[in-house]
Amino acid sequence: MANNQEMALDSQRIVTEVQNQTLDPPLDRLVEEYNDRIGIRDEYLWKWLARSFPFVTLDSVPDERVDHVCTHKTILSMYVTLVDDLADNFRDAESFREASKIPFEQEYADFERDDVRTDYLKFLQEVWDTTESLLEATERESEFRPFFEFDLRQSLNAMDYERLANDNPEMMNTAEMMQYTPHNMVMLAAADIDLMNSPSVDRDELSQIRESVYRGQQLVRISNWTSTWEREIAEGDFTSAIFTKAIARGLLSMEELEGLREGEDSLDPELFASRFKQHGLESELLDQWDLKYSTLRSEVPDADSVDLKDFIDGVETVRKYHMASKGYK
């Protein structure tokens, strides 16, 4: 009992920390505009990101730059979240495709088409323009820009996979979920921003850095799944390994999935959440997290210009912030 009380107190402390998190410029302005113009996500999400990013910021970033870099990464995450909402919440394939073109100057995004959300896309352009201006101001932007663009494309591809899977749930399986969707956590692109802001990081250690961040990103994806899946039942977003496991074991039929998505009165999301918990689906994912984390901790590659064990420790802290924030983001 005392253990549970301590966990509850720790969770409440985390929630309070997030709620009290200040948003630095220019993020504060973008959040205000988001609330006025879009307003789907609770402000807690942006504060959660701003509070969590320092834990997984590479220690090669000088201390005096960390706050600025984390603000930059939160704005990047705002762009990714807005694009993701087009795919998952609105199921708007046409707007999603135009939104995915915005970061790449060689691609033309058409906001004036009759079949897209013009105002939404215009705000997305503002968010990206802010991200871009911060990128161009970094010391090593040109050096790491190719990696950043590649990693961002993987994040967009992950969202496209989730869009396709939501439209065609019969294709969903756990293997592909684990392969594609961790990129939705945008941690590799965020690490590229760290590298752009790291004067002394050794480019020859890029292999070790990317391996650690890639594997850490998989862990963060599992943490995200286990902290949001109950909300996603009610939203009709079934792109989580919880649901692929449920389908594979006969705990969720395609007919029930479609009914939940359509909001049929006869299907109670809470009953399905209880069913999945009783069959240990969330516990299995948490056990999978523990095993992957233990393996990663024992295999952290050596690097002299960045402390990768510190980064992996941060991934564990982010898990705590995910679990404490169930129902808030």
### Message
Against the six-membered ring of F104, is R153 placed for a cation-pi contact (under 6.0 Å from the centre, within 45° of the normal)?
### Response
yes
### Task
Take Q12 and T16 through the side chain to side chain donor-acceptor pair (under 3.5 Å) test and state the conclusion after the steps.
CA-CA 6 Å; Q12 186 54 55; T16 301; 3.3 Å; yes
### Message
Counting neighbours of CZ on F148 that are heavy atoms of other residues, nucleotides or ligands and sit closer than 6.0 Å, is the number greater than 12?
### Response
yes
#### Entry: Donor-acceptor contact below 3.5 Å, side chain S298 vs main chain T295
yes
### Message
To the closest 0.5 Å, what do you measure between CZ (F272) and CG (L257)?
### Response
9.0 Å
#### Entry: Flag side-chain contact, heavy atom, 4.5 Å: T244 against N173
no
### Task
Report yes if some heavy atom in the side chain of I312 is under 4.5 Å from a heavy atom in the side chain of K309; otherwise report no.
no
### Query
Less than 4.0 Å between a side-chain N and a carboxylate O, is that true for D313 and R297?
yes
### Summary
ring pair (Phe, Tyr, Trp, His ring centres under 6.0 Å) with Y321: of W48, F55, F53, only one passes, and it is F55
### Message
Could you go through N166 and D237, starting from their C-alpha distance and side-chain angles, then the distance that decides it, and tell me whether this counts as side chain to side chain donor-acceptor pair (under 3.5 Å)?
### Response
CA-CA 7 Å; N166 262 323; D237 177 9; 3.1 Å; yes
### Summary
Rounded to the nearest 0.5 Å, the CG atom of L219 sits from the CZ atom of R221 at a distance of 13.0 Å
### Task
Step through the shown structure and confirm whether more than 12 heavy atoms of other residues, nucleotides or ligands are within 6.0 Å of CD on E270.
no
#### Entry: Under-4.0 Å salt bridge between R13 and E17
yes
### Message
Could you go through T74 and W46, starting from their C-alpha distance and side-chain angles, then the distance that decides it, and tell me whether this counts as side chain to side chain donor-acceptor pair (under 3.5 Å)?
### Response
CA-CA 7 Å; T74 302; W46 317 122; over 6 Å; no
### Task
Please report the C-alpha distance between D302 and Q208 in whole Å, then the side-chain angles of each, then the deciding distance to 0.1 Å, and finally whether the side chain to side chain donor-acceptor pair (under 3.5 Å) criterion is met.
CA-CA 7 Å; D302 292 328; Q208 299 97 302; over 6 Å; no
### Task
Would you check if there is a donor-acceptor pair between the side chains of N197 and E139 at a distance under 3.5 Å?
no
#### Entry: Close side-chain approach of M171 to L164, heavy-atom, < 4.5 Å
yes
#### Entry: Single-linkage hydrophobic cluster, 4.5 Å side-chain cutoff, V61 and L135 together
yes
## Note on the structure
Tested for salt bridge (Lys or Arg N to Asp or Glu O under 4.0 Å) against E94, the lone hit among R113, R117, R163 is R113
### Spatial distance of atom OG1 (T181) from atom CG (N157) [nearest 0.5 Å]
11.5 Å
### Donor-acceptor side-chain pairing of T226 and E282 below 3.5 angstrom
no
#### Entry: Electrostatic pair K73-D194, nearest N-O below 4.0 angstrom
yes
### Query
Under 4.0 Å between a Lys/Arg side-chain N and an Asp/Glu carboxylate O for R319 and E316?
no
### Message
Whether R215 and E299 form a salt bridge (side-chain N of Lys/Arg under 4.0 Å from carboxylate O of Asp/Glu) is what I want to check.
### Response
yes
### Under 3.5 Å donor-acceptor, Y34 side chain and M78 backbone
no
#### Entry: Salt-bridge contact E256-R275 (side-chain N to carboxylate O under 4.0 Å)
yes
### Nearest-0.5 Å distance, CZ of residue F150 to OG of residue S155
10.5 Å
### Message
Which residue is it: L45, D36, I75, L23? I am looking for the one with a side-chain contact (heavy atoms from CB on, under 4.5 Å) to V31.
### Response
L23
### Separation between OG of S198 and CZ of R65, rounded to the nearest 0.5 Å
8.0 Å
### Task
Please confirm whether F96 and F90 have ring centers closer than 6.0 angstrom.
no
### Message
Could you tell me if the side chain of Y214 sits less than 4.5 Å from the side chain of H183, heavy atoms only?
### Response
yes
### Query
Would a 4.5 Å heavy-atom cut-off, applied to side chains only, mark F311 and T57 as touching?
no
### Query
Are L281 and L267 connected in a single hydrophobic cluster, I mean Ile/Leu/Val/Met/Phe/Trp/Tyr linked by side-chain heavy atoms less than 4.5 Å apart?
yes
### Query
Roughly how far apart are F276 CZ and L285 CG, rounded to 0.5 Å?
12.5 Å
### Heavy atoms from other residues, nucleotides or ligands near CD of E105 exceed 12 (cutoff 6.0 Å)
no
### Task
Return yes if some donor-acceptor pair links the side-chain N/O of N168 with the main-chain N/O of E170 below 3.5 Å, else return no.
no
### Query
Would you call E126 and R37 a salt bridge, using N to O less than 4.0 angstrom?
yes
### Query
With the threshold set at 4.0 Å, does a side-chain nitrogen-carboxylate oxygen contact exist between D192 and R145?
no
### Query
Side-chain contact, heavy-atom cut-off 4.5 Å: N224 with H322?
yes
### Task
Apply side chain to side chain contact (heavy atoms under 4.5 Å, CB included) to the pair L252 and L260, showing each step before the final yes or no.
CA-CA 10 Å; L252 176 67; L260 287 165; 4.0 Å; yes
#### Entry: Close side-chain approach of P169 to M254, heavy-atom, < 4.5 Å
yes
### Message
How about CG on N20, more than 12 heavy atoms from neighbouring residues, nucleotides or ligands closer than 6.0 Å, or not?
### Response
yes
### Task
Could you tell me whether E235 and R41 have a side-chain N and a carboxylate O separated by less than 4.0 Å?
no
## Note on the structure
Between L86 and S95, the two heavy atoms sitting closest are CD1-O, 3.7 Å
### Message
Do Y79 and D84 have side chains that approach each other closer than 4.5 Å (heavy atoms only, starting at C-beta)?
### Response
no
### Task
Could you tell me whether R29 and E32 make a salt bridge, using a distance below 4.0 angstrom between a side-chain N and a carboxylate O?
no
### Message
Can you classify the ring geometry of H72 versus H68 as parallel (below 30°), tilted (30 to 60°) or perpendicular (above 60°)?
### Response
tilted
### Query
Does N184 reach the main-chain N or O of A158 with its side chain, forming a donor-acceptor pair under 3.5 Å?
no
